[in-house]
> 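Before we start, here is the structure in question, set down as structure tokens.
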There are 2 protein chains.
Amino acid sequence: MHKENPQRASVLQHVSQNVRRLRHAADLSQTALSEKSGVSRRMLVAIEAGEKNVSLSTLDRVAEALDVAFSDLIQAPDVRDHSRINELAWAGEIVGSKAVLLAKATARREVELWEWRLEPGDRYCPDPDLEGWSEQLFVFEGSLTLVIGDQETVIEAGEFFMFASHQPHAYRNDGSAAVRFVRNVVI
Amino acid sequence: MHKENPQRASVLQHVSQNVRRLRHAADLSQTALSEKSGVSRRMLVAIEAGEKNVSLSTLDRVAEALDVAFSDLIQAPDVRDHSRINELAWAGEIVGSKAVLLAKATARREVELWEWRLEPGDRYCPDPDLEGWSEQLFVFEGSLTLVIGDQETVIEAGEFFMFASHQPHAYRNDGSAAVRFVRNVVI
DNA sequence: ACCTATTGAGCAATATAGTGCACAAAGAAA
DNA sequence: TTTCTTTGTGCACTATATTGCTCAATAGGT
């Protein structure tokens with residue numbers, strides 16, 4: 001009649017891993033999370049073991065106590081690959097035509113595509129983004145000096161660079177001509 | 001002792017709206033969806049009314065029957081803005097330095113950043129993407145002819161364009177010099 | 001050794017998700 | 001009108017999520 005609970009739903013496995021991971025990230029014990037969320041510790045054990053079929057509102061209380069979005073608890077925990085690829089994906093019939101996939105990122109919420117132009121000697125020092133954000137830069141004219149922490153990287157025209165933008169960083173043009181680049185901000 | 005069910009969880013409201021919207025989009029009656037998903041019609045009514053606290057596996061069965069991702073059922077239904085912005089967001093101290101936010105998209109799963117180069121006379125005709133995908137193009141050298149359906153658009157160097165890529169489309173270089181552009185694929 | 005914090009698990013009680021049935025209201029098409 | 005489809009609701013029943021209580025096992029720190 002009813003299913004013998006094969007728990008086919010992969011969502012539950014993700015939840016189990018995510019809750020544990022995020023709870024440790026928040027430096028909370030099961031007891032502490034239980035008090036903060038209002039969900040019994042016994043239930044938290046079951047959730048982290050993946051042996052109970054959690055309801056939405058219960059899971060939402062956990063998400064709120066962990067200070068994360070609900071969707072963060074159901075997403076596959078390891079799908080995020082902010083890997084740099086830079087491979088030739090297509091070559092046209094005429095020599096020189098090409099398509100290069102610079103990077104592929106598993107986005108959760110937002111993407112921002114920016115066009116930038118920085119005159120020689122100019123700079124931009126943004127506030128660091130929150131944890132999880134990353135930026136992808138593609139310089140198509142001039143030369144860009146990227147400062148991350150105390151480390152400086154020069155990105156020439158035609159080059160691509162990607163970094164986690166929660167650390168302090170700055171853009172600077174040390175060259176003699178204007179630098180123009182595309183900036184892709186992703187979370 | 002227990003709460004008088006204020007159902008504070010906004011997730012449940014989203015679910016209620018999403019299920020109904022997607023069910024209509026799939027052209028299914030409650031009865032049909034019930035048979036396809038294995039969830040009782042009585043429960044579907046409750047879900048769409050937002051008066052029951054659905055469990056993950058039950059909602060996952062609904063998601064599978066609707067042929068959508070689980071996260072599609074819990075997300076706020078109208079948050080997707082693929083709006084073109086193109087506003088000057090920052091101006092440097094030296095005249096000419098600038099940052100232009102070309103576009104901001106609410107991404108759900110993936111982002112792909114591509115660098116392209118197309119020689120004169122060359123073209124690329126990809127298979128149309130699935131519903132929901134969109135592409136953002138920024139041409140920084142040459143001139144690109146974008147064919148969408150039976151409509152042609154010429155994008156000059158320095159210009160930006162965005163379109164839903166589920167419709168048949170093609171890139172073509174009608175100019176006399178190579179065209180180079182950045183292509184951002186988002187869902 | 002001891003003490004303490006943390007986690008896992010068993011069990012009984014309770015709250016509620018989920019089912020199946022019956023029936024009514026509304027709308028569309030004959 | 002009559003028929004059919006779709007949807008909402010009340011109710012009793014079952015399945016199970018959720019709780020609070022136990023106790024055991026493990027790991028660190030003193």
Side-chain angles (χ1 to χ4, degrees), chain A residues 1-66 70 73-74 77, chain B residues 1-66 70 73-74 77:
Chain A
M1 187 50 204
H2 59 292
K3 34 193 59 180
E4 51 287 337
N5 204 28
Q7 222 69 307
R8 174 198 40 71
S10 59
V11 193
L12 290 174
Q13 302 177 7
H14 299 334
V15 167
S16 131
Q17 297 175 259
N18 288 329
V19 169
R20 168 152 309 195
R21 179 174 52 84
L22 292 170
R23 179 174 64 81
H24 282 153
D27 197 31
L28 291 173
S29 68
Q30 291 180 344
T31 309
L33 180 57
S34 168
E35 290 172 355
K36 193 173 181 185
S37 64
V39 178
S40 67
R41 191 182 76 88
R42 187 64 188 86
M43 192 57 193
L44 292 180
V45 175
I47 291 176
E48 292 188 2
E51 56 187 23
K52 275 287 193 303
N53 196 1
V54 205
S55 72
L56 289 196
S57 72
T58 299
L59 193 58
D60 190 63
R61 281 190 286 167
V62 175
E64 217 168 82
L66 287 174
F70 185 93
L73 293 185
I74 63 162
Chain B
M1 187 49 200
H2 59 292
K3 34 194 57 181
E4 51 286 336
N5 206 26
Q7 223 70 309
R8 174 197 40 71
S10 59
V11 193
L12 290 173
Q13 301 177 8
H14 299 333
V15 168
S16 133
Q17 297 175 259
N18 288 329
V19 169
R20 168 152 309 193
R21 179 174 51 86
L22 292 169
R23 179 173 64 83
H24 282 152
D27 197 30
L28 291 174
S29 68
Q30 290 180 344
T31 308
L33 180 57
S34 169
E35 290 172 356
K36 193 174 181 184
S37 64
V39 178
S40 66
R41 191 181 75 87
R42 188 66 188 82
M43 192 58 192
L44 291 179
V45 175
I47 291 176
E48 292 188 1
E51 56 185 24
K52 273 285 192 307
N53 197 2
V54 205
S55 73
L56 288 196
S57 72
T58 299
L59 193 57
D60 190 63
R61 281 191 284 167
V62 175
E64 216 168 82
L66 287 174
F70 185 93
L73 293 185
I74 63 162

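Every chain is numbered from 1, with letters handed out A, B, ... down the list of sequences. Just the heavy atoms: all of them, side chains too, but no hydrogens, waters or symmetry mates, feed the values below.
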> C/dT14 phosphate, OP1 or OP2: any side-chain N/O from A/R42 under 4.0 angstrom?
no

> Starting at atom NE2 of B/H24, determine the distance to atom C1' of D/dT7, rounded to an integer number of angstrom.
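Atom NE2 in B/H24 sits about 9 Å away from atom C1' in D/dT7.
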
> Can you check whether A/Q30 has a side-chain N or O nearer than 4.0 Å to OP1 or OP2 of C/dA5?
no

> Do the side chain of A/S34 and the main chain of A/V39 share a donor and acceptor less than 3.5 angstrom apart?
yes

> Rounded to whole angstroms, how far apart are CG on B/N53 and C1' on D/dT18?
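Checked: the CG to C1' distance equals 11 Å.
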
> Determine the minimum heavy-atom distance between A/K36 and A/L28, stating which atoms define it.
CD-CD1, 4.5 Å

> Rounded to whole angstrom units, what separation is found between the CZ atom of B/R41 and the P atom of D/dT7?
8 Å

> Check the distance between D/dT16's C1' and A/E51's CD and give it to me in whole angstrom.
13 Å

> Give the rounded distance in Å between these two atoms: NZ of B/K52 and P of D/dC11.
13 Å

> Return yes if some donor-acceptor pair links the side-chain N/O of A/D60 with the main-chain N/O of A/L56 below 3.5 Å, else return no.
no

> State which of D/dT7, C/dT19, C/dG8 makes the closest approach to the side chain of B/S29.
D/dT7

> Strictly distance-based, threshold 3.5 Å: is any side-chain N or O of A/R41 a donor or acceptor partner for the main-chain N or O of A/T31?
no

> Is the phosphate of C/dT16, meaning OP1 or OP2, less than 4.0 Å from a side-chain N or O of A/S55?
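A/S55 to C/dT16 OP1/OP2: no side-chain N or O under 4.0 Å.
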
> If you compare every side-chain N and O of B/R20 against the phosphate oxygens of D/dG8 (OP1, OP2), does one of them come in below 4.0 Å?
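For D/dG8, OP1 or OP2 has a side-chain N or O of B/R20 closer than 4.0 Å.
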
> How many whole angstroms separate atom CD1 of B/I47 from atom P of D/dG8?
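For the pair B/I47 CD1 and D/dG8 P, the rounded distance is 13 Å.
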
> Could you tell me how far apart A/L44 (CG) and D/dT19 (P) are, to the nearest whole angstrom?
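In whole Å, D/dT19 P lies 8 Å from A/L44 CG.
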
> At less than 4.0 Å, is any side-chain N or O atom of A/T58 found next to OP1 or OP2 of D/dT18? Yes or no.
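Yes, within the criterion.
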
> Using whole Å, what does the distance between atom P of nucleotide D/dG8 and atom CE of B/M43 come to?
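Computing the B/M43:CE to D/dG8:P distance gives 14 Å.
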
> Taking the side chain of A/S40 as heavy atoms from C-beta outward, which of D/dT19, C/dT19, C/dG8 is closest to it?
D/dT19

> What closest approach, in Å, do B/L33 and B/A65 show between heavy atoms, and which atom pair accounts for it?
CD1-CB, 3.7 Å

